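The block underneath contains the structure these notes are about, expressed in structure tokens.
Values below: all heavy atoms of this structure, side chains included; hydrogens, waters and symmetry mates excluded. Here the structure is a predicted model, which means the values were calculated and not measured. All ligand and atom numbering here is 1-based and tracks the order in the structure.
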Amino acid sequence: MAEQASGKKGFLSWYFGANLLVRIMIGLILGAIVGVALAFSAPETGQAFIKYTKFFGDLFINLLKMIVVPVIFLSLIAGGASIAPAQLGRVGVKTLCYYLGMTIVAVTIGLVMSTILSPGEGLGILGAEGAQGKAAKAPGFDQVLLAIVPTNPIASLAKGDVLPIIFFALIFGIALSFLKESANATLRRQAETLFDIVSAGAEVMYKIVHGIMQYAPIGVFVLIAIVFAQQGPRVIGPLVFVTALVYICLIMHIFIGYGGIMAVFGLNLFTFLKGAQEAMITAFVTRSSSATLPISLQVSEEKLGVPRSISSFALPIGATVNMEGTAIYLSVCATFIANAVGQPLTFDQQLTILITGTLGAIGAAGVPGAGAIMMLMVLESIGLKVEAGSAVAAAYAMILGIDALLDMGRTCMNVTGDINGVVIVSKSEGVLDLSKWKRA
Ligand code: ASP
């Protein structure tokens, strides 16, 4: 979590020492104030501001883009390889089906609600260079499906084609997990070594993400100031609207998704929420599923009666791959961005988001801000490229500016979903301690 840059007091310690979330919020608010002031001042002043500060915003976008491919590749191999083949048995399959099914439900809720309510519609965001978003032509749904299987994984990596990378990394990881259990000792040792290397690589990437986030307050300040300078204060309303919409979808998912499945299994939703609340609050404030894992393990066992045999393997997997809140965020905010740049989603693009949103949620690491990086790949998959200076980058920056707020809600749901998964699987196996459920 928030680490100090170093033990000694450097001249920037006032910056690095302050809470990151607070710094980002300050960047956002200052950016909005400066941007609004510029919007009301002489056009030359705004242009000069953009000319001299654009570099700092673009730098942030480039830093984020730099990390996407390595993060997805390494964390998915590590994630895939950490599912032991033995656990791919009945309980494992049930758990994975639950996580996958609920993620699809989550993306669908996000898509349906944002189709009905059209966040960002009519915003008409322009790029810093006045360019409309690069509308790389969106491929059809069948092509998207076929293109998931890379004919040349190395080429996909080099080009940054995220879907084939995800596919390849996942099967690489699963194959590696089989090798880790091989009867041949040499193979086993080699697989363990490779696993260690990949896991270490993934950790290095998270460390870099952490470092990049130190720059986020400055990046957010500049990007938001430019957006407001160009678009004026009229963008505040849509941002409040999209935040509200994400939270409404999260709440709907609790009642429709969790409420529905719990009713099927004869369990009370409110007893569940009461039992899970400590983990939910921790997730909300830490914005990290991984950091919340110890609490999730504890409440599942102590408050909700999940046996350790299930929670100890299903919760860590859940904290890595099950991101239902992230799925909602990806679908709602991708729709917002598409609308904001004046390219509302087609049905094919929505189907594509169903896949990429699901995979993006699976690929997102359980650390703060991971979902925002996955957003880049979801946008890419529907032909909206986040290129420095483009309208899409400007709209993305708006979402990035409020990411901390959205991350709190989505992480809370991610963790709630993990715990719900182990409860349902335990109940279906007849091993849930129902005495914990007697008193609400
Ligand atoms: N922060 C989220 C989590 O840890 C991931 C995300 O950014 O969507 O679950």
Which of the numbered atoms in ligand 1 are below 4.0 angstrom from a heavy atom of Gly366? 3 (C), 4 (O)
Go through ligand 1 atom by atom and flag the ones less than 4.0 Å from a non-hydrogen atom of Met323. 9 (O)
Going by the order shown, which atoms of ligand 1 are within less than 4.0 Å of some heavy atom of Thr326? 5 (C), 6 (C), 8 (O)
Sub-3.5 Å N/O-N/O distance, Val367 and ligand 1: yes
Between Glu192 and Lys180, which heavy-atom pair has the shortest distance, and what is it? OE2-CD, 3.6 Å
How about Gln350 and Asp348: does a side-chain donor come under 3.5 Å of a side-chain acceptor? no
Can you sort out which atoms of ligand 1 are near Gly369, meaning under 4.0 Å from one of its heavy atoms? 7 (O)
Sub-3.5 Å N/O-N/O distance, Ser289 and ligand 1: yes
Using atom types as modelled and distance alone, determine if a side-chain donor or acceptor of Tyr247 lies under 3.5 Å from a backbone N or O of Gly409. yes
Ala372-ligand 1 polar pair, N/O distance under 3.5 Å: no
Looking only at the side chains, is there a donor atom on one of Thr326 and Asn414 sitting less than 3.5 Å from an acceptor on the other? yes
Name the orientation class of the two ring planes belonging to Phe172 and Phe73 (parallel below 30°, tilted from 30 to 60°, perpendicular beyond 60°). perpendicular
